[in-house]
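The figures that follow rest on heavy atoms only: side chains count, while hydrogens, waters and symmetry mates do not.
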Amino acid sequence: MSDFFKSEIVQDELEVINDMQEELYDTMLEFGEMLPEEKKDHIERLQILLDKQRVMYTRLSLSDDPIAVELRQNLRKSVQLMGFPPNTDINTLFNSMNESIENLKTYVDK
């Protein structure tokens with residue numbers, strides 16, 4: 001295991017992120033059937049997850065650990081697979097996701 005991933009803080013935060021992703025993805029298809037308060041709660045958890053992912057990416061960006069650098073490069077490549085132009089900064093993806101969450105909030109508040 002690389003030095004970056006040996007960090008207890010990183011391990012704990014990655015576990016939280018993974019658990020949140022699984023829980024949110026498992027309930028995503030039920031979103032249309034949720035009560036308004038459940039939808040708001042789901043959206044709030046999406047925002048928390050996005051914030052945690054953004055912080056983890058920042059940690060990756062500050063690390064010179066070879067595995068962290070490789071992961072960061074793979075994440076940048078995956079942005080292209082989501083339809084963004086080559087060399088798009090990952091923060092553009094985060095900003096786009098944040099905008100989608102804000103749109104969901106507006107939709108639910110109507």
Side-chain angles (χ1 to χ4, degrees):
M1 184 180 303
S2 70
D3 289 339
F4 179 79
F5 292 100
K6 283 181 186 175
S7 163
E8 191 173 324
I9 293 170
V10 169
Q11 287 180 16
D12 291 347
E13 199 60 21
L14 285 172
E15 185 176 339
V16 168
I17 288 170
N18 188 53
D19 290 346
M20 288 184 77
Q21 285 175 307
E22 286 180 17
E23 181 229 335
L24 289 166
Y25 295 149
D26 286 348
T27 59
M28 192 175 295
L29 294 176
E30 300 166 12
F31 187 80
E33 305 298 320
M34 291 179 184
L35 298 171
E37 286 305 314
E38 292 172 321
K39 287 179 181 179
K40 288 178 183 179
D41 182 57
H42 185 84
I43 293 167
E44 179 63 28
R45 290 182 305 198
L46 281 172
Q47 185 66 60
I48 291 168
L49 173 60
L50 180 60
D51 293 344
K52 288 182 177 294
Q53 290 171 328
R54 192 183 297 252
V55 168
M56 184 55 66
Y57 183 76
T58 299
R59 285 186 175 131
L60 279 171
S61 297
L62 296 172
S63 176
D64 60 356
D65 180 276
I67 294 176
V69 170
E70 182 180 349
L71 180 56
R72 190 171 62 243
Q73 291 170 344
N74 289 338
L75 287 169
R76 286 183 182 146
K77 289 176 187 175
S78 69
V79 170
Q80 289 179 22
L81 297 175
M82 291 185 247
F84 288 88
N87 300 319
T88 297
D89 182 65
I90 197 86
N91 286 310
T92 301
L93 172 67
F94 287 131
N95 292 338
S96 176
M97 293 170 78
N98 193 63
E99 186 177 318
S100 295
I101 291 171
E102 290 301 320
N103 289 337
L104 271 175
K105 287 179 186 177
T106 301
Y107 167 77
V108 169
D109 287 337
K110 285 184 179 182

Quiz item: Which one of Ile101, Asn95, Asn103 satisfies the side chain to side chain contact (heavy atoms under 4.5 Å, CB included) criterion with Glu99?
Solution: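 Among the candidates, only Asn103 passes.
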Would you mind reporting whether [Y] and [X] have side-chain heavy atoms less than 4.5 Å apart?
| X | Y | value |
| --- | --- | --- |
| Val79 | Thr92 | no |
| Gln11 | Phe5 | no |
| Met20 | Leu46 | no |
| Ile67 | Phe4 | no |
| Asn98 | Gln47 | yes |
| Leu75 | Leu93 | no |

Treating Ile, Leu, Val, Met, Phe, Trp and Tyr as nodes and any side-chain heavy-atom pair under 4.5 angstrom as an edge, say whether [X] and [Y] lie in one connected cluster.
| X | Y | value |
| --- | --- | --- |
| Met28 | Leu24 | no |
| Leu71 | Met82 | yes |
| Phe94 | Leu60 | yes |

Practice problem: Quickly, which of Glu22, Glu23, Glu38 forms a salt bridge (Lys or Arg N to Asp or Glu O under 4.0 Å) with Arg45? Name it, please. | Solution: Glu23
Nearest 0.5 Å please: distance from the [atom1] atom of [X] over to the [atom2] atom of [Y].
| X | Y | atom1 | atom2 | value |
| --- | --- | --- | --- | --- |
| Arg72 | Asp65 | CZ | CG | 10.0 Å |
| His42 | Leu104 | NE2 | CG | 8.0 Å |
| Ile17 | Ile48 | CD1 | CD1 | 12.5 Å |
| Gln21 | Leu14 | CD | CG | 9.5 Å |

Practice problem: Please report the C-alpha distance between Glu13 and Val55 in whole Å, then the side-chain angles of each, then the deciding distance to 0.1 Å, and finally whether the side chain to side chain contact (heavy atoms under 4.5 Å, CB included) criterion is met. | Solution: CA-CA 10 Å; Glu13 199 60 21; Val55 168; 6.0 Å; no
Practice problem: Determine, stepwise, if the pair Met34 / Thr27 fulfils side chain to side chain contact (heavy atoms under 4.5 Å, CB included). | Solution: CA-CA 10 Å; Met34 291 179 184; Thr27 59; 4.1 Å; yes
Practice problem: Examine distances only and state if a side-chain atom of Ser7 and a backbone atom of Asp3 form a donor-acceptor pair shorter than 3.5 Å. | Solution: no
Exercise. Any chance you could lay out the side chain to side chain contact (heavy atoms under 4.5 Å, CB included) test for Ile43 and Tyr107, step after step, and finish with the verdict?
Key: CA-CA 11 Å; Ile43 293 167; Tyr107 167 77; over 6 Å; no
Quiz item: Quick one: side-chain hydrogen bond (donor to acceptor under 3.5 Å, both in side chains) pairs with a partner in residues 74-89, sequence neighbours left out?
Solution: Tyr57-Arg76, Asp89-Asn91
Self-check item: Contacts of type salt bridge (Lys or Arg N to Asp or Glu O under 4.0 Å), residue Glu70, not counting sequence neighbours
Solution: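 Glu70 satisfies salt bridge (Lys or Arg N to Asp or Glu O under 4.0 Å) with no other residue.
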Exercise. Count the heavy atoms belonging to other residues, nucleotides or ligands that lie under 6.0 Å from CG of Leu62, then report whether that count exceeds 12.
Key: yes
